[in-house]
Protein chains: 2
Amino acid sequence: MATDTYTRILDCAQSLIVTRGYNAFSYADIAAEVGVGKATIHHHFPGKADLAVAVIARYRQATADGMGAMAAQVTQADMRLRAYVGFWEQCIRDNNAPFCIAALLAAELPSLPPEVAEQVKAHFDELIGRLTMFIEEGLRSGALKSPDSAETSARVLVASVHGAMLAARVAGGDAELFSSITQAALQRLNG
Amino acid sequence: MATDTYTRILDCAQSLIVTRGYNAFSYADIAAEVGVGKATIHHHFPGKADLAVAVIARYRQATADGMGAMAAQVTQADMRLRAYVGFWEQCIRDNNAPFCIAALLAAELPSLPPEVAEQVKAHFDELIGRLTMFIEEGLRSGALKSPDSAETSARVLVASVHGAMLAARVAGGDAELFSSITQAALQRLNG
DNA sequence: AGTTATCTACCGACTAGTTGGTCGGGAGTC
DNA sequence: GACTCCCGACCAACTAGTCGGTAGATAACT
């Protein structure tokens, strides 16, 4: 189903979105980097919106898988949150994919094709949903404390992570800065 | 010095950047909305980067003026932070300019012309600097509490505000959501 | 006062290059 | 023969930016 070329186009598109967002990458960029004709990209993804949707859909799946695997390994709620934040800290440190594509696309939201915007919203909902579950469990077991609801706490954490990503990007990819901001957000839940 | 047309071009460019970012607006868009020829825009701002730099430079000045006036009126540190956050809450509620252009451009940073990127960084530095001063004063007077340094506290607050902007945008301009996230960030400093 | 020179604001028409997207066809595989 | 994968060549629309030129105001010189 997923050809090598298909996957490489997807990979390339994702890394271009991470650095430039939706509006500033082109089929020509991908064609040049992957080493295929522009028409090939259109063969796999009829339109630019289709390509972006495929990227985010795969990203959502990867997030679901990754979070599931992590939750299976890590059972304590506070450690789960720490793992989520730590994942991004590592991404920034490795300069690998130092930005959540959903957060980037969220900023561009009003200029996005509707199908793409839907995917972005869906990712946000899923992410908040998952973290809310972790926090709820942590509040029940007493591992976490919060004056706010679990959902609000999840939203505050995600906002801190996304804001910290912006700060780190402005600071030239400063992983320490990201860490110092998000640590403070985590401590809020650790009593 | 500042002609009417000049200012209107600047206004239009700013509102386009707020909704679409740097890469997704064009001289044609501005020309159509302002009702001038494209060449007129080039007359006032030779290149697109010049236009963007002018927008952010004016934005930085407006921020400096606004924060200065606010600090003159509001003397308590916690109320100053509340005023900063409240300003953005109002912007989102009025659907006026519901996003900080510096935060938006920060996301696009790697694809920005160097001069524009410089302006974005400068705004971040200034903003963090101002809020750090407010918080330092609050910590000295005992109006605020924080286990972290004043600068880190400022960065956490800004990150929360920017992250909350993203969340509100994804939620279709939900000012209540922005408020609930940022309130939690403020309470962290109110002991 | 009248003419001339200079400057700013502006515009229509143009350019070279890029954008996303189409089309017909070739190569290989089942 | 049908299907997938891929490509070169092409397209209309759009991109930022340039060009020569016009209208009007201001100033300068006679």
Side-chain angles (χ1 to χ4, degrees), chain A residues 1-17 19-58 101 104-105 108-119, chain B residues 1-17 19-56 58 101 105 108 110-117 119:
Chain A
M1 201 67 185
T3 326
D4 182 53
T5 304
Y6 179 92
T7 308
R8 275 164 59 214
I9 292 172
L10 225 41
D11 291 343
C12 181
Q14 177 155 355
S15 85
L16 282 173
I17 292 178
T19 50
R20 314 223 273 244
Y22 180 82
N23 296 298
F25 84 91
S26 76
Y27 272 46
D29 295 327
I30 298 176
E33 191 156 338
V34 176
V36 297
K38 274 197 312 173
T40 302
I41 308 173
H42 282 286
H43 167 69
H44 291 287
F45 311 95
K48 195 181 181 182
D50 300 293
L51 174 54
V53 165
V55 168
I56 316 174
R58 189 182 65 161
I101 57 172
L104 221 174
L105 294 174
E108 298 183 293
L109 208 71
S111 72
L112 254 38
E115 322 97 273
V116 181
E118 275 310 308
Q119 289 284 329
Chain B
M1 200 69 185
T3 327
D4 182 52
T5 304
Y6 178 92
T7 309
R8 277 166 58 217
I9 292 172
L10 227 42
D11 292 342
C12 183
Q14 176 155 358
S15 84
L16 281 174
I17 291 177
T19 50
R20 313 222 274 244
Y22 179 81
N23 295 297
F25 83 91
S26 77
Y27 273 45
D29 294 328
I30 298 177
E33 191 157 335
V34 176
V36 297
K38 274 197 313 171
T40 302
I41 307 174
H42 281 285
H43 168 68
H44 290 287
F45 309 95
K48 195 181 180 182
D50 300 292
L51 175 54
V53 165
V55 167
I56 317 176
R58 190 181 64 160
I101 57 172
L105 294 174
E108 298 184 292
S111 71
L112 254 39
E115 323 98 272
V116 181
Q119 288 285 330

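Worth saying up front: this structure is predicted, and the values here are computed from it rather than measured. Per chain, numbering begins at 1; letters A, B, ... match sequence-line order.
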In whole angstroms, the gap separating P of C:dA16 from OH of B:Y27 amounts to 20 Å

Closest-nucleotide 5' rank along DNA chain C - winner of A:A28 and A:A39
A:A28

Please say which of A:I56, A:I30, A:V116 ends up in a side-chain contact (heavy atoms from CB on, under 4.5 Å) with A:L51.
A:I30

Give the rounded distance in Å between these two atoms: OH of A:Y6 and C1' of D:dC5.
14 Å

Atom NE2 of B:H42 and atom P of D:dG21 are separated, to the nearest Å, by 20 Å

Considering non-hydrogen atoms only, spot the tightest contact between A:P113 and A:Y22 and give its length.
CG-OH, 3.4 Å

Are any of A:T40's side-chain N or O atoms less than 4.0 Å away from OP1 or OP2 of D:dC7?
yes

Donor/acceptor link under 3.5 angstrom from A:K48 side chain onto base of C:dG21
no

For C:dC10, take OP1 and OP2 only and decide whether either is under 4.0 Å from a side-chain N or O of B:T5.
yes

If you look at every strand shown and take non-hydrogen atoms under 4.0 Å, does A:F45 touch a base, only sugar-phosphate, or nothing?
nothing

Atom CD1 of B:I30 to atom P of D:dG17: distance rounded to whole Å?
11 Å

Of the nucleotides D:dT15, C:dG20, C:dC10, which has the atom closest to the B:H44 side chain?
C:dC10

Give the minimum heavy-atom separation between B:A54 and B:F45, together with the two atoms involved.
CB-CE2, 3.7 Å

So how far is it from B:I17 CD1 to B:N23 CG, rounded to the nearest 0.5 Å?
10.0 Å

What's the closest nucleotide to the A:H43 side chain, out of C:dT22, D:dG17, D:dC5?
D:dC5

Separation of B:I41 atom CD1 from D:dT18 atom C1', in whole Å?
15 Å

Pairing donors with acceptors under 3.5 angstrom, does anything connect the side chains of A:S26 and A:D29?
yes

Nearest to the A:T3 side chain among D:dA16, C:dT19, D:dC6, which nucleotide is it?
D:dC6

Rounded to the nearest angstrom, tell me the gap between atom NZ in B:K38 and atom C1' in D:dC19.
13 Å

Between C:dA9 (C1') and B:I9 (CD1): distance, integer Å
10 Å

